[in-house]
Amino acid sequence: MSVTPRSRTRPAVTRIIAGLMLAALLAAGAGCAAIRDDEGRPLNSLSPKGPSAQEIDDYIVQVFGVAGIIFVLVEGGILFMAWRFRHRKDDDGTMPVQTHGNFGLEIGWTIAPAVILAVLAVGSVRTIWDLEERDADALTVEVIGQQWWWEFRYDLDEDGTPDIITANQMVVPAGRMIDLDLKSNDVIHSFWIPELNGKKDAVPGRTNNWRLEADEPGLYQGTCTEFCGLSHAYMRAEVKALSPADWEQWLEDQQEPAEVPAAGTLAAEGYAEFQTLCASCHQVNGFDPDADPQETDGVPSPDYRAGNVPLAAGNAPNLTHLMSRNRFAGNLFPLYAENGEGELVPNESDLGDWLRNPVQKKPMAPDQRRGMPNLNLTQEQIDALVAYLVTLQ
Ligand code: CUA
């Protein structure tokens, strides 16, 4: 039988196309494998670093397994049928048997997906219930979403009054389950630390149960994932997991009131400015914002020293130990920066810019009591305030 040039080129083209498709599949597969490596990807939900995230990841693998089998069956069927029933030169023009309206088939492909989805739903709901469970040995942290930052409160003696209030960075002991009481002060937010847990809404007027645990000490990044207005994209958070010794030290340090700067220093000037300009929103434990600074001469009220006055949970971050954190303003701007000699020093430049015009640094609506207002400070006031803020270790 003679072979025409045309029928010889066709399989060659088909082989090239098949080769290209295989290469594309391999490239996609390699890309997926690379995603599981979290280098440079702080919000990677495919690299679990704790039991809650691991449970979600295990379930994702199961769902992808089922979806993968269905994909291969459906796409394989399409390719097979396109090839098997392709147009041939010797076609006599008769139509193949038509299946439109076939009762058995239509019932079949309606019920089969419903059953598959029902099975997957069981796994989904079971995973969500697991992640909401409370743990008797867990440490409870109240997590409060605000426009546009996260507050964390620790009631260590469980007397109903928080002993530590911090912002932007939630500090936890590594290897211990943390029960989260998720709340909101204004609109709906959603708390998400991808390497430690899935997303959970923080809803005003409600407390949602959620939990997380970090296997190892380290920093784990997160972000708000429910649109909550102007600066939703700039509402970040960070979990810092500590070794047992570092955790005990942190607890001790955080319960100390702030030091009052020595008289005559620039920081002392900033402290006085802070009391008149900032203390109506920002709490610094160690002095009573209601006390008249003239009367107390800048000395913390004895009640605050003794811990008799509850920490105020306000509409602005508690700044008592500001410089113990990594970032400020919704975990956006670094609190430390490298100086000329490569040492980490307080980032006075960003702190100063923030005080000069916060709305320019981050979109906010202070006229609607959403975010920090521009106080039209003078450069002298800014310098004094920054000098005071960096003392808040
Ligand atoms: Cu808070 Cu989006």
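All values below were derived from every heavy atom in this structure, side-chain atoms included, with hydrogens, water molecules and symmetry-related copies excluded.
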For [X] against [Y], the heavy-atom pair lying closest together:
| X | Y | result |
| --- | --- | --- |
| Q381 | N376 | OE1-O, 4.5 Å |
| S190 | W150 | O-CZ2, 3.4 Å |
| A267 | A387 | CB-O, 3.7 Å |
| M323 | P346 | CE-CB, 3.7 Å |
| P113 | G108 | CD-O, 4.3 Å |

For a 4.5 angstrom cut-off between non-hydrogen side-chain atoms, does [X] reach [Y]?
| X | Y | result |
| --- | --- | --- |
| I178 | P173 | yes |
| R206 | D201 | no |
| D350 | K361 | yes |
| V141 | M170 | yes |
| I144 | R153 | yes |
| Y59 | S124 | yes |
| L335 | L322 | yes |
| F191 | T225 | no |

Donor-acceptor side-chain pairing of [X] and [Y] below 3.5 angstrom:
| X | Y | value |
| --- | --- | --- |
| N326 | E238 | yes |
| Q379 | D383 | yes |
| N318 | N285 | yes |
| Q147 | S231 | no |

Query raised in the report: When you look at CD of Q360, are more than 12 heavy atoms from neighbouring residues, nucleotides or ligands closer to it than 6.0 Å?
Result: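 At most 12 heavy atoms, drawn from other residues, nucleotides or ligands, come within 6.0 Å of this atom.
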Query raised in the report: How about E216: does its CD atom have over 12 heavy atoms from other parts shown lying under 6.0 Å from it?
Result: no
[X]-[Y] co-clustered via ILVMFWY side chain contacts under 4.5 Å:
| X | Y | answer |
| --- | --- | --- |
| L377 | V284 | yes |
| M177 | V171 | no |
| I60 | V66 | no |
| I107 | W109 | no |
| L43 | L46 | no |

Ionic contact status for [Y] with [X], cut-off 4.0 Å:
| X | Y | result |
| --- | --- | --- |
| R88 | D91 | no |
| E132 | R211 | no |
| D181 | R134 | yes |
| E142 | K183 | yes |

Query - Contacts of N102 that satisfy side-chain hydrogen bond (donor to acceptor under 3.5 Å, both in side chains) - sequence neighbours left out - result: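 None.
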Report task. Say whether, by atom type as modelled, one donor and one acceptor occur between the side chain of R356 and the main chain of T378 under 3.5 angstrom. Result -> no
Query raised in the report: Hey, does the side chain of N347 reach the backbone of P334 with a donor-acceptor pair shorter than 3.5 angstrom?
Result: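 Indeed, once roles are kept as given, a pair shorter than 3.5 Å links the two residues.
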Requested in this report: Step by step, work out the ring pair (Phe, Tyr, Trp, His ring centres under 6.0 Å) result for W250 and Y154.
Outcome: CA-CA 12 Å; W250 184 83; Y154 302 71; 5.2 Å; yes
